[in-house]
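Just so it is clear: chains get the letters A, B, ... in the order the sequence lines come, proteins before strands, and each one is counted from 1.
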Number of protein chains: 2
Amino acid sequence: MTEGERNAQLYTVLSGWGFRYKILEDGRRQILNYILPGDLIGLQGNVMLEMQHSVEAMTRMSLCVFERDRLMTLYEKHPSLAYDITWLAAREETMLDEHLLSIGRRSALERAAYLLAFLDWRAKSTGAAAEGKAANLPVTQQHCADTLGLSLVHTNKTFRKLAGDRLIRWLDRGCEVIDIEGLRKLAGWTPPLETKRPFL
Amino acid sequence: MTEGERNAQLYTVLSGWGFRYKILEDGRRQILNYILPGDLIGLQGNVMLEMQHSVEAMTRMSLCVFERDRLMTLYEKHPSLAYDITWLAAREETMLDEHLLSIGRRSALERAAYLLAFLDWRAKSTGAAAEGKAANLPVTQQHCADTLGLSLVHTNKTFRKLAGDRLIRWLDRGCEVIDIEGLRKLAGWTPPLETKRPFL
DNA sequence: CGGAAACTTGAGTTACGTCAACTACCGTGG
DNA sequence: CCACGGTAGTTGACGTAACTCAAGTTTCCG
């Protein structure tokens, strides 16, 4: 699914990991946010005229399709589902705000710590990893670099520092969080308190 | 209105300029987005448990208050208004996405050009400035620096370059856009196409 | 066994940050 | 009327975090 396309569908993610991103003409890429089970894809495309970003899967994903035309009908017939959609949109906004703070004002080390703490939180709160147990995050350093707004080389050096301090361990294809509290403290971040989460 | 507060109200902006921001413990500040007439304030606070950011006015603002408890009722009684709220949330997301791309991947000069082109667009599309006429943006360089994720000094030097190239003129307290097309081209950005905008 | 994708490391460069000083422009009050 | 203090903007010298380039491993997979 790429930017500019007019997309008639809305999707709910049932399983798997993906991400949303934008690119400049010369290829510079910025990952905007990650997509996990329970997330909605394509709301912007339904409400705005066209998609403003692209989406890519990181693992095999299964989706539940939803027709665009039915969105207004759904709002009329099921106000509580409409409310849930708003809830999801507001949560996305909260995440984007934090990412913005991170890229704009945190140092490379803090930023990296924040990203991993954030992904760990998301992984755990969607049940992708058991609560309490160390999460194994299926990201490459290239993904992280494009999320952090850093170069690949500098991202690597930053992660090596975190690994040297025993906060994480970097695996073949992904990252294992060892000391989540350490990461959160370094980043100066704690996961947001949420009201009850909608099913969808 | 500051972060962490539990805010029972939702506001619609009738007139004036403001902005949303977050700060780290040591005072580093990141401006997340600007608030103009027609925008909604406090949706996150209503849906999440508490406000995740703070809001500050840049000019005198007039607001229309809306009680939190009535949100669910509104969703039941007026689905089209509910849809409008979703529309606004999706538009906010689109703007945050673009800011993220900007801070993460654009150079200081491109970023500055983007910000001014963006504010010019917002000013014009809310009727704060006449369409076609040069918009006068009521921002200080400190605001811009905190939006761009740059230092105040470097922001100043960047703006002086834009002024030297006759793209903008910097006034006492704010900025006058001279060559909007030049700014957009430099930033590699054009305003998004929007579907019909809701009243609210 | 070869080739691609991911990760690592060092050396040199540059964009941006910090520090510090200075100007200009108010509005306030003696 | 001028003295003042505060906010906003400007500029130069110097330091450093992050980038680029380039050359490695290592791991996976066909």
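- Straight-line distance from the CD atom of B:Q142 to the P atom of D:dG6: 17 Å, rounded to whole Å.
- Overall, the helix from C:dC1-D:dG30 to C:dC26-D:dG5 carries an axis bend of 40° between its ends, with five pairs at each end and the value rounded to 10°.
- With sequence neighbours excluded, the residues that form a side-chain contact (heavy atoms from CB on, under 4.5 Å) with B:A117 are B:I180, B:L183, B:R184, B:W189.
- Here the side chain of B:T59 pairs a donor or acceptor atom with the backbone of B:W17 at under 3.5 angstrom.
- Put simply, the side chain of A:R111 gets close to the backbone of A:R106: a donor and an acceptor are under 3.5 Å apart.
- With rounding to whole Å, A:E110 atom CD is found 15 Å from D:dA18 atom C1'.
- D:dT7 atom C1' lies 12 Å from atom CD of B:Q141, rounded to whole Å.
- Here the side chain of B:R105 pairs no donor or acceptor atom with the backbone of A:R28 at under 3.5 angstrom.
- Partners of B:T155 by side-chain contact (heavy atoms from CB on, under 4.5 Å), not counting sequence neighbours, listed by chain and number: B:C144, B:A145, B:L148, B:L150, B:F159.
- Mapping B:S151 and A:V139 onto DNA chain C by nearest heavy atom places A:V139 at the nucleotide closer to the 5' end.
- The pair A:D39-A:R20 does not meet the salt-bridge criterion, since no charged nitrogen lies less than 4.0 angstrom from a carboxylate oxygen.
- Residues passing the side-chain contact (heavy atoms from CB on, under 4.5 Å) test with B:T94 are A:Q44, A:M48, A:Q52, sequence neighbours excluded.
- The nearest whole Å value for the distance from the CZ atom in B:R160 to the P atom in D:dA8 is 18 Å.
- Between B:K161 and B:D165 there is no salt bridge, since no side-chain N of the basic residue sits under 4.0 Å from a carboxylate O of the acidic one.
- With sequence neighbours left out, B:S107 forms a side-chain contact (heavy atoms from CB on, under 4.5 Å) with B:L109, B:E110.
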Anything under 3.5 Å between a protein N or O and an N or O of nucleotides 21-30 of chain D, put it in a table, one pair a line.
| from | atom 1 | to | atom 2 | distance (Å) |
| --- | --- | --- | --- | --- |
| D:dC28 | OP1 | A:D172 | OD2 | 3.0 |

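- Across residues 96-105 of chain A, not one residue has a non-hydrogen atom less than 4.0 Å from an atom of DNA chain C.
- Remark: side-chain polar atoms of B:R29 are not paired, donor with acceptor, to backbone N or O of B:I23 under 3.5 angstrom.
- Chain A approaches DNA chain C within less than 4.0 angstrom (heavy atoms of the protein), and the contacting nucleotides run 5' to 3' from C:dA6 to C:dA11.
- If you take CG of B:L137 and C1' of D:dG9, they are 17 Å apart, rounded to a whole angstrom.
- Using a 4.0 Å heavy-atom distance criterion, A:T140 is classed as a sugar-phosphate-only contact.
- For B:N33, the side chain to side chain donor-acceptor pair (under 3.5 Å) test picks out B:E92, B:H99, with sequence neighbours left out.
- Nucleic acid contact class of A:L152 (heavy atoms, under 4.0 Å, all strands): none.
- In this view, A:T190 satisfies the side chain to side chain donor-acceptor pair (under 3.5 Å) rule with no residue, not counting sequence neighbours.
- Residues satisfying the side chain to side chain donor-acceptor pair (under 3.5 Å) criterion with B:Q142, sequence neighbours excluded, are B:D146.
- Atom NE2 in A:H154 sits roughly 8 Å away from atom P in D:dA17 (whole-Å rounding).
- Among residues two or more places apart in sequence or in another chain, the side chain to side chain donor-acceptor pair (under 3.5 Å) test is passed with B:T86 by A:Y75.
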